Amino acid sequence: MPSRTLTELFHIVAGLAATVAIVAVAAWAYPLARHEIRVVGWMAAAIVVAMGVRPLRRAWAVDHQERGGE
């Protein structure tokens, strides 16, 4: 996998890791709302992935084109 694609995948994974960390700390800090915080965390994770799809596809297309369209 070429570099642009790996870079975009890294950004998605980093966003998901940040989301998990924030949700974990928030759920620990306010246990009465643990369920609601986790629901919002799942939605935020889905948004992070959804926002990363277009740049990932664009990066893959550029990398694919640079390889000669194999």
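Because the structure is a prediction, the values reported are computed rather than measured. The figures that follow rest on heavy atoms only: side chains count, while hydrogens, waters and symmetry mates do not.
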*Atom CZ of Arg34: over 12 foreign heavy atoms under 6.0 Å*: yes
Which atom pairs, donor and acceptor, lie under 3.5 Å between side-chain atoms of residues 17-27 and protein residues at least two apart or in another chain?
from: Thr19; atom 1: OG1; to: Gly15; atom 2: O; distance (Å): 2.8

*Drop me the distance from Leu9's CG to Leu56's CG, to the nearest 0.5 angstrom.*
5.0 Å
*Mind checking the CD-CG spacing from Glu8 to Asp63? Nearest 0.5 Å is all I need.*
9.5 Å
Return all side-chain donor-acceptor pairs below 3.5 angstrom for residues 35-46, not counting sequence neighbours, or 'none' if the list is empty.
none

*At their closest point, which heavy atom of Leu16 faces which heavy atom of Val48, and how far apart are they?*
N-CG1, 4.0 Å
*Should Arg58 and Arg54 count as side-chain neighbours, where that means a heavy-atom distance under 4.5 Å?*
yes
